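The structure displayed is predicted, hence computed values, not measured ones.
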Amino acid sequence: MQSVVPTLSLILTVVTFGSGATKSVVPKEIAADGTVVASLLAEGAQTYDCKAGSDGKLVWTFREPIATLISDGTTVGRHYAGPVWENVDGSAITGKVVASVPGATPNDIAWLKLSVVSTRGEGVFSKVTTVQRIDTHGGAVQGPCEATGTSLVAPYSATYVFVRERN
């Protein structure tokens with residue numbers, strides 16, 4: 001089993017969410033200092049297209065995510081290309097990746113820290129400044145593909161933590 005912690009010198013932060021909370025060890029590289037606005041489960045897929053890489057060989061290239069955002073078993077939003085997170089209250093944010101650490105296994109997509117670059121609407125997401133993707137399961141694709149223009153959908157789940165960072 002591959003370790004999430006590559007060296008002993010990595011500083012870790014323990015983050016606790018919600019009632020009956022589970023604890024996730026969040027690496028320093030993607031830690032956020034602020035108030036957790038929401039912590040939501042995402043269930044969906046990462047979509048890849050078969051394209052020629054810089055060396056001319058065919059490889060799977062990430063196209064977009066598509067996921068349902070869930071809180072206590074209820075759908076509260078969606079996540080899609082942009083990347084965008086949209087809440088049922090009409091608020092939405094678009095993010096940009098600022099840091100990444102590998103998932104727990106080669107089959108798990110990376111854990112991310114994203115900075116919010118735009119907001120829309122008033123609601124849960126309107127004050128969010130940072131998004132963390134943690135506890136990823138699945139979604140990663142490795143290796144060559146066989147035909148340009150083919151697509152592959154890789155199911156995944158993750159926890160998205162929406163944070164309003166301190167100024």
Peer 1: How far apart are the closest heavy atoms of Tyr48 and Ile109, and which atoms are they?
Peer 2: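 Scanning both residues, the minimum pair turns out to be OH-CG2, 4.1 Å.
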
Peer 1: Does a sphere of radius 6.0 Å around CD in Glu122 hold more than 12 heavy atoms from other residues, nucleotides or ligands, not counting ones at 6.0 Å or beyond?
Peer 2: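 No - once you tally the heavy atoms of other residues, nucleotides and ligands closer than 6.0 Å, there are 12 at most.
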
Peer 1: Counting N and O atoms only, with roles assigned by atom type, does the side chain of Glu165 sit under 3.5 Å from a partner on the main chain of Asp33, one being a donor and the other an acceptor?
Peer 2: yes

Peer 1: Quick check: is Tyr80 connected to Tyr160 through a chain of hydrophobic side chains (ILVMFWY, heavy atoms under 4.5 Å apart)?
Peer 2: no

Peer 1: A quick test of your reading: do over 12 heavy atoms of other residues, nucleotides or ligands sit less than 6.0 Å from CD of Glu146?
Peer 2: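 Incorrect, the count does not exceed 12.
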
Peer 1: Flag yes if more than 12 heavy atoms outside Arg164 fall under 6.0 Å of its CZ atom; otherwise flag no.
Peer 2: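 No.
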
Peer 1: For Ser91 versus Gly123, what's the shortest heavy-atom pair and its separation?
Peer 2: OG-C, 3.6 Å

Peer 1: With distance as the sole test, does Thr129 use its side chain to make a donor-acceptor pair with the main-chain N or O of Val116 at under 3.5 Å?
Peer 2: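 No; judged by distance alone, with no hydrogens or angles, the pair does not exist.
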
Peer 1: Are Ile134 and Leu40 connected in the hydrophobic side-chain network, where two residues link if heavy atoms are under 4.5 Å apart?
Peer 2: no

Peer 1: What is the minimum heavy-atom distance between Leu58 and Cys50, and which atoms define it?
Peer 2: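 Reported closest heavy-atom pair: CB-SG, 3.9 Å.
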
Peer 1: Applying a strict under-4.5 Å side-chain criterion to I, L, V, M, F, W and Y, I'd like to know whether Val76 and Phe125 cluster together.
Peer 2: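 Same cluster: Val76 reaches Phe125 through Ile, Leu, Val, Met, Phe, Trp or Tyr contacts under 4.5 Å.
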
Peer 1: Show your working on side-chain contact (heavy atoms from CB on, under 4.5 Å) between Glu43 and Leu41 and close with a plain yes or no.
Peer 2: CA-CA 7 Å; Glu43 292 182 346; Leu41 172 65; 3.5 Å; yes

Peer 1: Ignoring hydrogens, what is the shortest heavy-atom contact between Trp60 and Pro144? Give both atom names and the distance.
Peer 2: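 Looks like NE1-O, 3.6 Å.
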
Peer 1: Test Thr119 against Ser126 for side-chain contact (heavy atoms from CB on, under 4.5 Å), laying out the working first.
Peer 2: CA-CA 6 Å; Thr119 61; Ser126 62; 5.7 Å; no

Peer 1: Between Thr136 and Trp111, does a side-chain contact (heavy atoms from CB on, under 4.5 Å) hold up when you go through it step by step?
Peer 2: CA-CA 7 Å; Thr136 59; Trp111 291 23; 3.3 Å; yes

Peer 1: State, to 0.1 Å, how close Val84 and Ala92 come at their nearest heavy-atom pair, and which atoms those are.
Peer 2: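 Shortest heavy-atom contact: CG1-CB, 4.4 Å.
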
Peer 1: Shortest non-hydrogen contact from Val26 to Ile30?
Peer 2: CG1-CG1, 3.6 Å

Peer 1: Rounded to the nearest 0.5 Å, how far apart are CD of Glu64 and CD of Gln46?
Peer 2: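 Answer rounded to 0.5 Å: 9.5 Å.
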
Peer 1: Using modelled atom types and a 3.5 Å cut-off, is there a donor and acceptor pairing between side-chain atoms of Asp108 and backbone atoms of Gly138?
Peer 2: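 Yes.
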
Peer 1: Under the side-chain contact (heavy atoms from CB on, under 4.5 Å) criterion, do Trp85 and Leu114 qualify, and how do the steps go?
Peer 2: CA-CA 12 Å; Trp85 296 265; Leu114 302 100; 3.8 Å; yes

Peer 1: Would you say Thr94's side chain and Ser118's backbone share a donor-acceptor pair under 3.5 angstrom?
Peer 2: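 Not confirmed, Thr94 side chain does not pair with Ser118 backbone.
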
